[in-house]
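We name chains A, B, ... by the order of the sequence lines, and we start the count at 1 in each one.
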2 protein chains.
Amino acid sequence: MMEKYRELHIKLTPQRLAILSFLDGNKSHPSAEDIYKAVLKQFPTMSFATVYNTLEALKNRGNVQELKIDSHKKRYDPDISRHHHLICLKCSKIIDIHKDFKIALSEDLIHGFDLMGNSVEFYGICQKCKKHH
Amino acid sequence: MMEKYRELHIKLTPQRLAILSFLDGNKSHPSAEDIYKAVLKQFPTMSFATVYNTLEALKNRGNVQELKIDSHKKRYDPDISRHHHLICLKCSKIIDIHKDFKIALSEDLIHGFDLMGNSVEFYGICQKCKKHH
DNA sequence: TTATCATATTAGAATAATTCCTGTCAAACC
DNA sequence: GGTTTGACAGGAATTATTCTAATATGATAA
């Protein structure tokens, strides 16, 4: 069970394992609070500090990415493959878009930057929100 | 001077005019704090509430757009034309990219959303930050 | 112009998300 | 066994933003 997390090279405490298994394969793009609430069920003494510390460690090792898509809070994505997002403007639901759009910046637009990547966000209203009015 | 702002149909108070003229043509993508500090010089009693209220009014009328690009705070852009951004991962400097990338979502990726738009962000390290190590 | 009224302003309190700090504990290392 | 290192919990501190309630002011019409 914890074999798959060995390679992370972080100390695998029970709290961290709970966070990791909650994140594993999770496509809901949870916020720190979502993670806290989920793990709280198994560890009633869990604190936000532990959630943030663990996320910080995982971020630094490139095992989760922080999404700046939601203007109210940070969201976290355990899927670190190159992908984009579709976001509902009403309920903030986020859906992964796995497609390569081949967008390049020409030399005159690059402003001397060392480019490291890009991301595309699509905005709209999801099916559920359309119905509820 | 204030003629150009008449069409906004918001009450044009001195504070608002100061905010509007600070934003006019501003390409720095300022945060609420940047705006507050700038206007404070002319209006020492300026409050954050006024900055946020005015931004809210302008947002609702589609005269500024809120950028969710910076994970620490919202940034505001008076340029409401369709454009994208190039962001420095070190200093958070934001540069406009005026180019149409023609990105479309195929039916199978659209998940029943009513699409309203998209935005592309390019990430990298700017020239200045490269030099300073 | 002036009176009226709806709206804007202000300071400060409240809230929400996140970060920091401190004492404690446990694992890993000698 | 003793020491170092890193993680934990809990709470305080910070930062961005929103709310509140009293007061002030721009816009409009008389």
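For B/D108, the salt bridge (Lys or Arg N to Asp or Glu O under 4.0 Å) test picks out no residue, with sequence neighbours left out. Scored by the side-chain hydrogen bond (donor to acceptor under 3.5 Å, both in side chains) test, B/H98 finds B/D79 as partners (sequence neighbours excluded). The side-chain contact (heavy atoms from CB on, under 4.5 Å) search around B/I80 returns none, not counting sequence neighbours.
Atom CD1 in B/I19 sits about 13 Å away from atom C1' in C/dT10, given to the nearest Å. Rounding to whole angstrom units, CG of residue A/D34 and C1' of C/dA16 are separated by 14 Å. With rounding to whole Å, A/L55 atom CG is found 12 Å from D/dC8 atom P. Atom pair A/L12:CG and D/dC8:P shows a separation of 10 Å (rounding to whole Å applied). Distance, A/Y36 OH to C/dT18 C1': 14 Å, rounded to whole Å. Atom CZ in A/F43 sits roughly 16 Å away from atom C1' in C/dC25 (whole-Å rounding). Atom-to-atom, CD of A/Q42 to P of D/dA9 comes out at 13 Å; the value is rounded to the nearest Å. Rounded to whole Å, the distance from CG on B/L17 to C1' on D/dT25 is 13 Å.
Within the 4.0 angstrom heavy-atom criterion, no nucleotide atom of any strand lies near A/P14.
At the phosphate of D/dA9, OP1 or OP2 sits under 4.0 Å from a side-chain N or O atom of A/T45.
Under the 4.5 Å side-chain heavy-atom criterion for ILVMFWY residues, a single connected hydrophobic cluster contains both A/F101 and B/I110. Placement of B/I87 and A/L67 in two distinct hydrophobic clusters is found when ILVMFWY residues are connected by side-chain heavy-atom separations under 4.5 Å, directly or transitively. In terms of hydrophobic clustering, with Ile, Leu, Val, Met, Phe, Trp and Tyr side chains grouped at heavy-atom distances under 4.5 Å, B/I35 and B/Y5 are assigned to a common cluster.
The 12-atom threshold is not exceeded at NZ of B/K37, counting heavy atoms of other residues, nucleotides or ligands nearer than 6.0 Å.
A side-chain donor-acceptor contact under 3.5 Å links B/D34 and B/S31. Side-chain N/O atoms of A/H83 and A/D77 include a donor and acceptor closer than 3.5 Å. Side-chain polar atoms of A/D70 and A/H29 form no donor-acceptor pair below 3.5 angstrom.
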For nucleotides 16-19 of chain D, print each protein N/O atom paired with a nucleotide N/O atom at under 3.5 Å, atom names and distance only.
{"from": "D/dT17", "atom 1": "OP1", "to": "B/K74", "atom 2": "N", "distance (Å)": "2.9"}
{"from": "D/dT17", "atom 1": "OP2", "to": "B/Y52", "atom 2": "OH", "distance (Å)": "2.3"}
{"from": "D/dT17", "atom 1": "O5'", "to": "B/Y52", "atom 2": "OH", "distance (Å)": "2.9"}

Please list, for nucleotides 5-7 of chain D, all pairs of protein and nucleotide N/O atoms separated by less than 3.5 Å.
{"from": "D/dA7", "atom 1": "OP1", "to": "A/R16", "atom 2": "NH1", "distance (Å)": "2.8"}
{"from": "D/dA7", "atom 1": "OP1", "to": "A/R16", "atom 2": "NH2", "distance (Å)": "3.3"}

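Rounded to 10 degrees, the angle separating the terminal helix axes of the helix from C/dT1-D/dA30 to C/dC30-D/dG1, each built from five base pairs, is 30°.
The backbone N or O of B/S106 lies less than 3.5 Å from no partner atom in the side chain of A/K99, so there is not a single donor-acceptor pair.
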